[in-house]
Amino acid sequence: MNRLPGPRDSLSDSAHATLRAAIIDCQIAPGQAVSEAELSARFAFGLAAVRAAVMRLTASGWIAPDGRRGSVILPVSAAHLADLSVSRQCLEPALIHHAPPSDLGAELRLRAAVHHAATLQGPGRQAPLHQERDLMGLIALAVAAPRIRAWLIDTWELCLRADRHLEQSFGLSRDALPLPALAVAVADGDAPAATALLEAMRHDFDLRASRALARSAVPLSPAPAPAPPPRRGAAPSTDHRSGTTPGPRSTKGDPA
């Protein structure tokens, strides 16, 4: 799920991986309205490949359809941040139920050493986002149940996106995640060490979210732009049950 597009991937797989990476990196901002035509032109994929990728991202909750405007990227809101925190508490314990197979353990130790070397260039230095995603995906392979593993990867990657958004919007940067230590603890089947690292990572994420909410008098991600006014002579749509004009459609997560 975390691989970059490769030559053997189908165009729709490549488009999905590219759009997902752009959303995580906030190149496509939370709450932004996008159309398939815009994404096709920006990322140089055909409309069919982009349409298939958007459908997959919509099915997993990363994008929501929004009528005539196309789609809206999942915003970063107070409800979304709380959901991520609770999801981590539910999913992360699955990492420590069993020691991983020996070949996965060896790969985790090797990749942990490589990742650790990438963060030695200065105190608090973060590895590139794609390296964090790759190591998180490898750590998640220790979860035997495929559906729980997929949910955990989704949750971790949405947390990476939230961190990137909080840094861009509020200057709330973070130190490097202790992923090498977590990878080694999981590889060794060291449940107490893995549990302590996971709890520390959750605590730090919750603290950054709380600081952002304390500074924010508005939703954490921009509200979608209002729909264009009706054409001259066209009657506005109304809710026949109340006689009022309906408000904009909501997306996953309430505003902060």
Side-chain angles (χ1 to χ4, degrees), residues 1-10 13-14 16-18 20-21 23-25 56 60 62 83-164 174-208:
M1 293 181 67
N2 290 298
R3 290 187 303 107
L4 296 176
R8 296 185 180 180
D9 291 317
S10 69
D13 288 339
S14 296
H16 175 263
T18 299
R20 184 177 174 115
I23 292 172
I24 293 170
D25 197 32
R56 289 174 63 182
S60 58
W62 289 55
D83 179 68
L84 290 177
S85 180
V86 173
S87 296
R88 290 177 65 165
Q89 292 180 45
C90 294
L91 296 169
E92 289 176 348
L95 280 170
I96 57 178
H97 286 171
H98 305 283
S102 58
D103 56 343
L104 176 58
E107 180 70 10
L108 282 169
R109 295 183 188 92
L110 175 61
R111 294 284 291 279
V114 172
H115 188 91
H116 179 67
T119 63
L120 291 179
Q121 302 179 29
R125 181 178 176 83
Q126 291 177 230
L129 185 62
H130 73 272
Q131 291 186 13
E132 290 185 328
R133 290 182 63 202
D134 285 348
L135 186 51
M136 282 181 158
L138 189 65
I139 293 171
L141 289 178
V143 178
R147 294 182 68 184
I148 295 178
R149 183 193 315 139
W151 291 334
L152 178 60
I153 292 173
D154 250 19
T155 300
W156 275 352
E157 293 198 336
L158 286 170
C159 286
L160 290 176
R161 182 189 76 130
D163 271 335
R164 179 61 60 94
R174 62 166 171 82
D175 290 338
L177 297 173
L179 296 177
L182 177 61
V184 171
V186 170
D188 292 344
D190 188 344
T195 299
L197 289 164
L198 290 167
E199 289 178 349
M201 290 168 61
R202 286 198 303 268
H203 173 76
D204 290 346
F205 178 80
D206 291 346
L207 184 60
R208 288 190 296 276

Asks: Has the side chain of R149 got a donor or acceptor atom that lies under 3.5 Å from a matching backbone atom of A142?
Replies: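 Pair absent, no side-chain N/O of R149 close to backbone of A142.
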Asks: Looking only at non-hydrogen atoms, find the nearest pair between V186 and P100 and report the distance.
Replies: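 In this case the closest contact between V186 and P100 is O-CD, 3.0 Å.
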Asks: List in chain and number order the residues that pass side-chain hydrogen bond (donor to acceptor under 3.5 Å, both in side chains) with D188, two or more places apart in sequence or in another chain; answer none if no residue qualifies.
Replies: R109
Asks: Among R174, R111, R164, R161, which one satisfies salt bridge (charged side-chain N to carboxylate O under 4.0 Å, His left out) with E132?
Replies: R174
Asks: What pairs meet the salt bridge (Lys or Arg N to Asp or Glu O under 4.0 Å) rule with one or both residues in residues 87-97, with sequence neighbours excluded?
Replies: R88-E92, E92-R202
Asks: Can you tell me how far the CG atom of L198 sits from the CG atom of L91, to the nearest 0.5 Å?
Replies: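 Atom-to-atom, L198:CG and L91:CG are 11.0 Å apart.
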Asks: For D206, check side-chain hydrogen bond (donor to acceptor under 3.5 Å, both in side chains) against everything at least two apart and list the hits.
Replies: S85
Asks: Can you sort out the partners of D204 under salt bridge (charged side-chain N to carboxylate O under 4.0 Å, His left out), two or more places apart, ordered by chain and number?
Replies: none
Asks: Closest heavy-atom contact between L84 and T155?
Replies: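 Result for this residue pair: O-CG2, 3.9 Å.
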Asks: When you compare the side chain of L141 with that of L108, does any pair of heavy atoms fall below 4.5 Å?
Replies: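 No; the side chains remain at least 4.5 Å from each other.
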Asks: Kindly write out the residues that satisfy side chain to side chain contact (heavy atoms under 4.5 Å, CB included) with L197, not counting sequence neighbours, or none if the list is empty.
Replies: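 L197 satisfies side chain to side chain contact (heavy atoms under 4.5 Å, CB included) with P178, A181, L182, A185 once adjacent residues are dropped.
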Asks: Looking at residues at least two apart in the chain, or sitting in another chain, which of them share a side chain to side chain contact (heavy atoms under 4.5 Å, CB included) with L207?
Replies: R211
Asks: Mind checking side chain to side chain contact (heavy atoms under 4.5 Å, CB included) for P101 and listing every partner two or more places apart, or none if nothing turns up?
Replies: D103, L104
Asks: Considering only heavy atoms from C-beta outward, does the side chain of L179 approach that of M201 to under 4.5 Å?
Replies: yes
Asks: With the side chain counted from C-beta on, respond yes when D154 and W62 share a heavy-atom pair under 4.5 Å apart, and no when they do not.
Replies: yes
Asks: Does the pair M136 and E157 meet the rule for a side-chain contact (heavy atoms from CB on, under 4.5 Å), with working shown?
Replies: CA-CA 9 Å; M136 282 181 158; E157 293 198 336; 5.8 Å; no
Asks: Minimum heavy-atom separation for L95 to A140, with atom names?
Replies: CD2-CA, 4.1 Å
Asks: Counting C-beta onward and ignoring hydrogens, is there a side-chain heavy-atom pair between D13 and R56 closer than 4.5 Å?
Replies: yes
Asks: Taking side chain to side chain contact (heavy atoms under 4.5 Å, CB included) as the definition, give me every residue that meets it alongside A112, ordered by chain and number, with sequence neighbours left out.
Replies: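 Once residues adjacent in sequence are excluded, the partners of A112 under the side chain to side chain contact (heavy atoms under 4.5 Å, CB included) criterion are P180, A183, V184.
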Asks: Out of curiosity, D163 CG to I24 CD1, how far, rounded to the nearest 0.5 Å?
Replies: 12.0 Å
Asks: Considering residues at least two apart in sequence or located in another chain, which fulfil the salt bridge (charged side-chain N to carboxylate O under 4.0 Å, His left out) criterion with E199?
Replies: none
